[in-house]
Every structure is written in structure tokens, then in C-alpha cells.
Protein chains: 2
Amino acid sequence: MTSRLDIHNSDIPVLCRACEARHRGVCGALNPQQLKELAKTSTRKALDSGIELVSEAEPAESYANILSGVVKLTKTMADGRQQIVGLQFAPDFIGRPFRDENMIRAEAATDVHVCAFPKRALDRMIAQSPELGHRLHLQALNELDEARDWMLTLGRKTAAEKVASFLHLIARHVDPEIEAKGTVVFDLPLTRADIADFLGLTIETVSRQITKLRTEGVIAVENNRHVTVFSLERLEDRANL
Amino acid sequence: MTSRLDIHNSDIPVLCRACEARHRGVCGALNPQQLKELAKTSTRKALDSGIELVSEAEPAESYANILSGVVKLTKTMADGRQQIVGLQFAPDFIGRPFRDENMIRAEAATDVHVCAFPKRALDRMIAQSPELGHRLHLQALNELDEARDWMLTLGRKTAAEKVASFLHLIARHVDPEIEAKGTVVFDLPLTRADIADFLGLTIETVSRQITKLRTEGVIAVENNRHVTVFSLERLEDRANL
DNA sequence: GTCGATTGTTGATCGAAATCAAGGAAAATA
DNA sequence: TATTTTCCTTGATTTCGATCAACAATCGAC
């Protein structure tokens with residue numbers, strides 16, 4: 001729950017291989033010289049699930065690229081009610097350029113590997129490299145689209161539709177090129193409590209809806225985590241996508 | 001409901017005065033030469049409430065700056081359920097650079113004045129001007145923050161808290177520098193139906209909660225639109241901010 | 001002004017999800 | 001292995017907001 005393993009990075013290709021896809025992450029936007037420069041101050045970290053990357057209170061002093069695992073972004077009310085406002089997968093970039101106060105908490109939802117950079121070093125590089133700034137701009141726009149998609153889910157969908165939408169979101173992430181009719185298998189990166197906080201529901205309601213999808217033959221679940229989606233098409237119907 | 005008045009812009013100062021504040025809008029980021037260039041192709045438009053600026057289906061062929069009024073961004077499900085995923089005020093920028101498919105509808109919530117630019121001309125300018133790209137990046141990050149704030153409201157707040165949060169949002173926009181204890185007066189830019197679509201509620205529930213705030217002396221309402229907030233502090237308590 | 005359409009309010013009833021409660025399965029710790 | 005703790009499921013009951021229904025107020029057109 002609290003162990004933290006820091007490995008100084010001396011392996012640029014591994015550091016950056018994950019960053020190429022989907023206009024996310026920073027390494028793909030840098031030239032070899034910039035990469036070398038950044039590698040000097042970057043560190044790879046293995047974070048156990050539950051570890052906080054960015055606090056809701058204080059501004060972060062570093063940025064990070066996710067190499068593996070899932071990070072949840074949460075907001076909390078004074079009385080403890082919580083909402084997950086975003087999920088980040090490899091090779092997403094974690095951090096908030098150009099502003100300090102962000103009032104958002106980033107926490108490892110699973111065990112996570114990240115590549116961390118000191119804020120100052122990367123800020124300097126952003127100022128120099130328009131391509132890097134553009135890359136971060138694109139990720140911000142992607143996250144904005146995802147947030148707005150989820151607002152529709154939170155505001156207007158039923159519990160059954162919400163749970164199906166969540167499973168579909170994860171399935172889509174496992175294989176972005178997926179055909180709408182195939183079978184998908186994955187491990188849930190979130191606990192029932194996390195799913196509830198993501199969907200604006202209680203854990204009991206999430207549990208009941210998952211049971212319903214199981215008994216109706218849309219999915220199978222082993223060990224509460226390992227999920228088989230038999231028909232993505234049927235799942236999409238349930239989600240009203 | 002469908003009239004549309006186009007006035008070719010020949011008045012650069014008026015065009016751009018609104019764009020200076022809050023890192024929103026594009027004009028403040030341009031040099032005199034770029035402004036002159038952009039003014040050649042820009043048009044000022046007066047749009048009646050209800051007019052669609054951007055369709056949920058086809059990609060937009062132009063961008064716009066809001067000069068006055070309020071624009072709502074909506075998402076719609078196949079069965080008609082709707083969710084407002086963003087509200088834009090002057091001098092916000094409307095449009096989606098770097099991507100065509102956006103699956104979002106922009107509609108004038110009130111009568112609106114905008115300054116519209118052909119997409120192509122502004123895209124060219126974005127490519128040339130890092131300052132302009134940066135300005136748009138900042139607006140995207142602001143909108144992302146707002147979207148995530150609202151996700152907490154949609155997912156975890158009660159109906160009473162949602163309505164109070166909405167009124168607080170509008171009040172804050174009327175006067176961003178507002179003291180937490182003062183009285184605020186404004187005209188609601190949204191109908192009850194719009195408020196319901198913004199909060200993920202029905203119009204009946206919105207109406208009942210507004211009535212409750214009235215009878216409890218937190219606000220006064222005239223003609224269903226003109227609102228007086230007697231104590232912003234009390235409103236914040238209701239919203240659980 | 002009258003008429004009709006739209007928009008908003010209020011009341012009665014219903015239902016989906018929350019809450020309360022208990023117990024079982026899996027994982028962590030000793 | 002035994003034991004504790006965490007996580008998940010299932011059932012009973014309650015509650016908040018949705019739905020159904022009627023009516024009032026406001027606005028626009030004539």
C-alpha cells in the first residue's frame with residue numbers, strides 16, 4: 001500500500017516506446033536531443049495501487065507519463081462523497097501545465113509504472129517545443145471529449161446503462177480496434193467501490209447490475225475481476241450507445 | 001426563431017474588446033497584422049435563441065467568438081434524452097480545432113452575438129501563431145476543469161444541491177470578482193427545461209427546488225427569469241461548495 | 001384586447017436506486 | 001494453517017426524484 005520503487009532511467013527506448021500512440025504522452029513529440037535532455041532528470045517509478053500521484057490540495061511538483069496500469073482522477077466533497085472524473089491509461093500524460101491549483105487527486109487504481117519528470121524541466125521544454133505543446137493540447141482536447149461523453153452518462157443514463165457503458169469503456173481500451181461483435185476478455189482495473197464512484201452509484205447497485213449482466217449471459221466474471229464480454233454488440237445495446 | 005442577421009465586420013476594436021479577459025477568445029492573442037487579416041473574412045452575426053451554431057452530425061465549417069449571450073453545448077441520445085455538457089459565455093471561443101468529428105451540438109441559449117471566422121483562415125493562423133495556439137490550449141484546459149467540476153455535481157449531488165450549484169455558477173459568471181456575502185441580480189439565461197438538461201433532472205424537480213429556495217428566502221424570482229440572490233454565502237451552503 | 005401556444009408550478013402516485021442489514025468469498029496477515 | 005480484514009453479493013425497506021396530471025402564467029400573433 002505504501003512501498004515505492006524508484007529506478008533512475010537509463011533506457012530511453014523503453015521510456016518512450018509507450019508514448020507514440022494516440023497523441024498522448026510527451027516523448028513522441030520530442031527530438032533526440034530533447035529526449036536525452038529529459039532523460040537526465042526523468043525517473044521510472046513503480047507505484048502500488050492506492051498510491052497518490054497528485055494531491056487534491058497541493059500543486060504537483062512533477063509530471064508523469066503512464067507506462068502501464070490505470071490512474072484514476074477523483075474529486076471529493078467535504079462530507080466525503082467522491083466522484084471519479086477521469087481514468088488514464090498508458091501512455092497518457094499526467095499533470096496540469098500552465099496552472100498550479102487543480103483541485104484534483106490522481107491515484108493509482110492498479111499497480112502502475114510511470115516515467116516522472118520534474119515540472120520545471122518539462123515546462124522549459126514545452127516553452128521551446130511547439131510540437132510538444134501541440135501534443136499536450138491534443139490530449140487536453142481528448143480528455144475534454146471523454147469528460148463530456150461521461151457527463152451524458154452521469155446525467156441521463158440508468159444504472160443498467162451506466163454499468164454497461166463502463167464495461168464498454170474498458171473493453172474499448174483493451175482493444176481500440178475492436179469489432180463490434182467480438183468477444184473481449186480483460187481484468188477490471190477498478191474495484192466495485194471505484195466503479196460506483198465513476199458511475200455516480202452505490203456499490204450495491206453496481207454489484208446488482210453486474211449480476212444481472214451475468215445471469216443474462218452478456219458477460220462472465222471470475223474472481224470478481226476477470227471479465228469476459230461475450231458480445232460487444234449486446235453490451236452496446238445495454239449501454240444505449 | 002430562425003432569423004439570422006449577418007453584418008460584415010469593419011470595426012476591429014469592437015470585434016476584439018471582449019476577447020482580452022480570462023484567456024478566452026482568440027483576438028487578444030493576435031498581432032495587428034493578423035487581426036487585419038482575420039477581419040477580412042470575419043463576420044458578426046446576431047443569432048436568435050434556439051439557433052444552431054454547430055450541428056451534432058456534420059463538422060463545423062467555421063469558428064466563432066461569443067460577443068454576448070450564452071451558448072449551450074448539448075449531447076443527445078438516440079431516444080431523445082439530452083444533456084447540456086457546457087455553457088459558453090462571452091468572450092469564449094466556439095469550435096474544435098484539430099478534429100472534425102465532434103458529436104456535440106452548439107445552440108444559442110439566449111439571443112447571441114458572435115464574431116465568426118472561416119475555419120480554414122483561423123486554422124492557418126493557429127499554425128503560424130504559437131501564442132494563439134497557446135490561448136486555445138488554455139481555454140481547452142479551462143473547459144476541462146469546468147467539465148470535471150460538473151461531473152461531481154452530476155454524479156454525487158442531490159437535486160437541491162444541483163440547483164443551488166447552477167444558480168451559483170450563473171451568479172459567479174455575472175460577477176467573477178463577487179464577494180461571498182453580497183447580493184447578486186441576474187436574468188437566467190436558460191429555461192427550466194435547459195436547467196433540467198444541464199443538471200440531469202426533470203423540469204418539475206427544478207421548479208420545485210427553485211420554489212423551495214424562494215420560500216426559504218435564499219432567492220427571489222420575477223417573471224420566471226429575473227433572479228435575486230440575497231446571500232451568495234447561503235447559496236454556497238445549499239450547493240455544498 | 002382575445003386566442004392559442006409555450007413555459008412554469010403544484011399535487012398525487014410510482015419506481016429506481018439508496019440505505020440498512022446480513023452473510024459469503026477472497027486476500028492479507030500472522 | 002488459522003485469523004482477520006477487505007471486498008463483494010443478496011435481501012428487505014425506504015426515499016428521492018420521475019412520472020402522470022391538472023392548471024396557472026407568460027408570451028406572441030392576430
Side-chain angles (χ1 to χ4, degrees), chain A residues 1-3 48-50 79-83 109-111 153-167 187-216 219-227 238 240, chain B residues 1-3 48-50 79-83 109-111 153-167 187-216 219-227 238 240:
Chain A
M1 197 64 158
T2 47
S3 82
D48 287 349
S49 127
D79 60 10
R81 278 176 284 176
Q82 240 185 351
Q83 176 69 42
T110 64
D111 291 353
T153 300
L154 287 173
R156 289 306 187 193
K157 289 192 182 174
T158 64
E161 290 168 340
K162 284 178 175 181
V163 170
S165 297
F166 167 73
L167 292 172
D187 284 319
L188 282 177
L190 302 187
T191 64
R192 300 292 185 273
D194 282 338
I195 298 172
D197 281 345
F198 192 37
L199 297 172
L201 298 171
T202 60
I203 56 176
E204 292 96 329
T205 299
V206 170
S207 182
R208 278 185 249 270
Q209 294 301 333
I210 288 178
T211 300
K212 204 170 117 207
L213 287 172
R214 251 192 320 103
T215 58
E216 292 170 339
I219 63 172
V221 183
E222 291 156 51
N223 287 338
N224 295 335
R225 304 224 93 169
H226 192 72
V227 174
R238 303 311 184 91
N240 246 308
Chain B
M1 198 66 158
T2 49
S3 82
D48 287 349
S49 124
D79 61 8
R81 277 175 284 175
Q82 241 184 352
Q83 176 68 45
T110 63
D111 292 352
T153 300
L154 287 173
R156 288 305 185 193
K157 289 192 183 176
T158 64
E161 289 167 342
K162 284 179 175 181
V163 170
S165 296
F166 167 73
L167 292 172
D187 284 318
L188 282 177
L190 301 187
T191 64
R192 299 294 185 273
D194 283 337
I195 298 170
D197 281 345
F198 193 38
L199 297 173
L201 298 172
T202 59
I203 54 176
E204 293 95 328
T205 299
V206 171
S207 183
R208 278 185 249 270
Q209 294 301 334
I210 289 178
T211 299
K212 205 170 115 208
L213 287 173
R214 250 192 320 103
T215 59
E216 292 171 340
I219 62 171
V221 183
E222 291 156 50
N223 289 337
N224 295 334
R225 305 225 91 170
H226 193 72
V227 174
R238 303 312 184 93
N240 246 308

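Keep in mind that the numbers below use all heavy atoms, side chains included, and drop hydrogens, waters and symmetry copies. Numbered from 1 within each chain, the chains take letters A, B, ... in sequence-line order. As the structure is a prediction and not an experimental result, all values here were calculated from the model.
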Completion exercise
Looking only at D:dC20, C:dT9, C:dC20, the nucleotide nearest the B:E204 side chain is D:dC20
Fill in the blank from the handout: When every non-hydrogen atom of A:S49 is compared with those of A:D111, the smallest separation belongs to N-OD1, 2.9 Å
Practice task
Name the closest nucleotide to the B:L201 side chain, picking from D:dG17, D:dT9, C:dT10.
Solution key: D:dG17
Problem - Nearest heavy-atom neighbours spanning B:K162 and B:T153 - result: CE-O, 3.4 Å
Exercise for the section: Using a 4.0 Å heavy-atom cut-off across all strands, classify A:S207 as base, sugar-phosphate, or nothing. Expected result: base
Exercise for the section: Give the minimum heavy-atom separation between B:R192 and B:V206, together with the two atoms involved. Expected result: CD-CG1, 4.1 Å
Practice task
Nearest-nucleotide wise, let me know which of B:A193 and A:V206 is further upstream toward the 5' end of DNA chain C.
Solution key: B:A193
Problem - Phosphate-side-chain proximity, A:T211 and D:dT10, N/O vs OP1/OP2 below 4.0 Å - result: yes
Problem - Proximity to the side chain of A:R208 - top-ranked nucleotide from D:dT26, D:dG11, C:dT10 - result: D:dG11
Problem - B:T205 side chain near D:dA18 phosphate (N/O to OP1/OP2, under 4.0 Å) - result: yes
Exercise for the section: For C:dA26, take OP1 and OP2 only and decide whether either is under 4.0 Å from a side-chain N or O of A:N224. Expected result: no
Problem - Closest to side chain of A:N223, choosing from C:dA26, D:dC8, D:dT26 - result: C:dA26
Exercise for the section: Would you mind telling me which residue lines up with the more 5' stretch of DNA chain D, A:R225 or A:R156, judged by nearest nucleotide? Expected result: A:R225
Exercise for the section: Let me know the distance between CG of B:L154 and P of D:dG17, rounded to the nearest Å. Expected result: 13 Å
Practice task
Tell me what A:T202 touches on the nucleic acid: a base, only sugar-phosphate, or nothing, going by heavy atoms under 4.0 Å.
Solution key: base
Handout entry: Length of the CZ-C1' vector between B:R81 and C:dA16, whole Å
Key = 13 Å
Exercise for the section: Grab the CD1-P distance between B:I195 and D:dG17 for me, whole Å please. Expected result: 16 Å
Problem - Donor-acceptor contact below 3.5 Å, side chain A:Q83 vs main chain A:F198 - result: yes
Handout entry: Sole candidate of A:V221, A:V227, A:L167 that passes side-chain contact (heavy atoms from CB on, under 4.5 Å) when paired with A:L213
Key = A:L167
